[in-house]
Visitor: 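Okay, handing you the structure first.
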Amino acid sequence: MPIHQPQQRSAAPATGAGEPLGVQQAEAALVEHYPRLVRLAYVVLPPSLGRHRRVLAAHGTVQRALPGARTAPDRIRVPAQSRRSSEAAEEEAQGPANAPYAWMRLRVLRTALAHERRPRWWPGRLPAPTALRPTLPVVWGLRLFPRAGGVDELALDRALSTVPGAVRAAFALQLLEGLSESGVRALLAEAGEADPAGAVRRAARLGRPDRAGAQVLLQSGEFDPCTVQTRPSDLLRRRHRVRAVALAAALCVVAGTLAVAAERGVRGVADEGPAAGVTVPALDPAALLRTAAEQWADTSRIDFTAWPVRGDRRGDGELLGRALRAWSGPPAGVRVSTTPGTADVPPAQPPRLLFAGEVDGAAVVLFHDGGVRVVRYAEPLSGGGGAALDFARTDDADVTTGAAVVVSRTGEKARFLLAPWISETTTRDLLAPNTPGRPLEVGPDGVTAPVGRPAEGGACGSWPVLQLRSSERIVENHAFLVTDLGDLAPAHLTYTPKPGRGAPARQPREATGTEALLAWARTACSLRALSGSGVRAVNNWAFAEQRLPEGEASAEWLCTRADTWRGPGRVLVQFLQPADSPTAPAAVVADRNDTALCSRFGQHILAGTHWKSASGRWYVLAAGSRAVDRIEATGQVRGAAGGPTLAVRAPRDASVQLTARLREGGTLAAVR
């Protein structure tokens, strides 16, 4: 739904021979560059406004930037009469930033930045001097939202929400307007910012390392308030307000005093907002979605939407109401946590109730919101301490990644709420690969007995995991491992075995076999680096096996890939040399963030490391995946080998560059 620029023309003030023409030029610049100015205002405005209010505020900010007919003559500074700094004047010559446009841009910037400086009690969202005027445009009965982007746009929007408006302005002026750092500093200073240089420095850290990609994201539909989607507003709440107004009008006819009382009552309900009443469907406990108990066994969608509601307080409307109100607007004292890439905004429609019950001295409520998030609310049953509200992404969950949710953490223990399709539950220690799993008790409401958590610091002496088995009723009936990495949803662990001779590429499989457990015993402690990062699944890929020099045994090369719910992945390349202990930790030789390596979209890899033999000699070892047929070392040491592995004598600290040739053509550089 495009929002078109306004065509009304304001009367130019007659303050001199040249001034009416200047105001008309400014209006022409506004109309011509309206979408550009509105996008700038939208990025600078506080994200706390919400997308609907920010869209309207962006349009209002730009439309009100032009002086009206009644503006005092001494308040009008037409572009031709403005005295700008030399740096700003230099910037005005670039692109559309001619004098009228630059003048309008400055006014828009001042108004947008003033939103964060206004007192909390001031009405509306405009700066104090202009908030008393009508805030146009006004939209009744509709909610407006820019077109939704992907995970990258969401991550950028979240990053912008964590910095002040001046930093967002500096970021937008550089990437959208193409201004230099000096031009941005001059413009922010003219807009009244106290520390423009600091804002520019902080803005330089946003969007790294791919600033060009960030520029493309900033120009996408996610940040375009001129092309929006519409949804109805809360129909029930709107109807409630209309009835209240009609009742107040009728009471005015009967008695003025009753009308005053009725008006105060209606105003009180409106001021309290959705957090105080249950007339908003998304915040009404009675409107919560509840899945039937056996639906999971008769559906083709096995994820959180198939979970039935459980818990002995699932009918407690007061508890559910408190949880929903805390979600809508967390009051003071409620601790809020989110996994990376997870929005903590209120629900747009009634969420699905998964659980409501008492666990470890707290009343716990679990919601599932539209296939995207799981939300956990917990309040203590007695004693001090405030409530907690946790958000985690769970979009596209499946049999394994939607199999469990952390319902309680106390000390070094955690309890899980299991999916209804879990038929068998055991626990095991990844650092004890030869020890069988131990049965884990599960209550009738699906909550497990306490399970040990992996230690976050100190010695890594054990790594507890859940080994779950899915039910035959969904024709899965297979065992799999999940582990607690500090998020609400535990991470699924898998294993891809070594490449076979002449066999097609191997696919990830469940990490329950002997070979997989032995590999995880050497690499489990490296999972500490992934704690709290929103990890969905972790795969250990044994991409190469190498015979070591001087007649020693073989070593393995593993690529440990962690995929997050929001999309980006992290890769650790680990070297497993022969060891006396089956739990001797592997050596991490490479660590890469935000990469497709070791996934279906990055199937080729080359890595290397320095290695010391039993005789004390040092070597450079390298290995590549199955498509590598030649590896070459250059730099302080030179050597080459046909095939996917290389070993060459080299000093301990020798600087070496490794490259590989692929069987089907192309070259590959070593991951660092």
Side-chain angles (χ1 to χ4, degrees), residues 1-10 22-47 49 51-68 71 76-79 82 84 88 91-116 125-127 130 133 135-137 139 144 146-147 160 165-179 183-184 186-188 190-193 203 215 217-228:
M1 173 183 172
I3 295 182
H4 299 285
Q5 56 264 40
Q7 298 298 322
Q8 299 92 341
R9 291 186 174 271
S10 303
V23 175
Q24 291 172 3
Q25 290 175 345
E27 183 183 15
L30 183 148
V31 174
E32 180 182 358
H33 301 294
Y34 185 80
R36 187 185 190 112
L37 290 170
V38 173
R39 187 188 292 264
L40 175 64
Y42 183 82
V43 174
V44 176
L45 286 167
L49 289 175
R51 301 176 75 192
H52 170 77
R53 295 171 68 184
R54 190 153 54 131
V55 166
L56 296 181
H59 285 274
T61 296
V62 174
Q63 292 179 20
R64 294 155 60 84
L66 194 69
T71 305
I76 298 175
R77 299 291 304 279
V78 295
S82 298
R84 306 291 302 277
E91 296 293 348
E92 287 179 354
Q94 301 178 7
N98 49 40
Y101 172 78
W103 185 66
M104 295 301 301
R105 181 177 61 191
L106 175 60
R107 290 177 61 87
V108 168
L109 192 62
R110 282 175 177 165
T111 303
L113 288 171
H115 273 262
E116 288 186 338
R125 289 283 175 173
L126 294 174
T130 58
R133 288 188 276 171
T135 56
L136 298 176
V139 176
L144 307 182
R147 291 177 178 174
L160 291 174
V167 180
R168 292 192 298 272
F171 185 71
L173 290 171
Q174 287 185 276
L175 271 63
L176 292 178
E177 297 292 292
L179 301 187
V184 172
L187 193 54
L188 290 179
E190 195 165 1
E193 284 302 314
Q215 184 178 27
L217 295 178
L218 208 59
Q219 294 171 343
S220 67
E222 175 81 18
F223 301 96
D224 181 10
C226 286
T227 304
V228 297

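These numbers were taken from a predicted model, which means no experiment stands behind them.
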Visitor: Can you tell me how far the CG atom of Leu37 sits from the CD atom of Glu177, to the nearest 0.5 Å?
Guide: 7.0 Å
Visitor: Just so I know, are the side chains of Glu190 and Arg110 near enough to count as touching, which here means a heavy-atom distance under 4.5 Å?
Guide: yes
Visitor: Compare all side-chain heavy atoms of Leu109 with those of Leu173 and state whether any distance is below 4.5 angstrom.
Guide: yes
Visitor: How long is the straight-line distance from OH of Tyr42 back to CG of Leu218, given to the nearest 0.5 Å?
Guide: 11.0 Å
Visitor: Roughly how far, to the nearest 0.5 Å, is the CD atom of Glu193 from the CG atom of Leu187?
Guide: 10.5 Å
Visitor: Looking at every non-hydrogen atom in both residues, tell me the closest pair between Ala166 and Leu113 and how far apart they are.
Guide: N-CD2, 3.7 Å
Visitor: Just wondering, do His59 and Pro225 contact through their side chains at under 4.5 Å, heavy atoms?
Guide: yes
Visitor: Output the distance between atom CZ (Arg105) and atom NE2 (His33), rounded to the nearest 0.5 Å.
Guide: 10.0 Å
Visitor: What residue among Leu160, Leu176, Leu40 forms side chain to side chain contact (heavy atoms under 4.5 Å, CB included) with Phe223?
Guide: Leu160
Visitor: Closest approach of Met104 and Ala65, non-hydrogen atoms and distance?
Guide: CE-CB, 3.6 Å
Visitor: Taking side chain as C-beta onward, heavy atoms only, is Arg39 less than 4.5 Å from Cys226?
Guide: no
Visitor: Minimum heavy-atom separation for Gln174 to Ala203, with atom names?
Guide: OE1-CB, 4.4 Å
Visitor: Can you tell me how far CG of Leu49 sits from CG of Leu56, rounded to the nearest 0.5 angstrom?
Guide: 10.0 Å
Visitor: Which of these, Val44, Leu30, Val38, Val62, sits in a side chain to side chain contact (heavy atoms under 4.5 Å, CB included) with Val108?
Guide: Val62
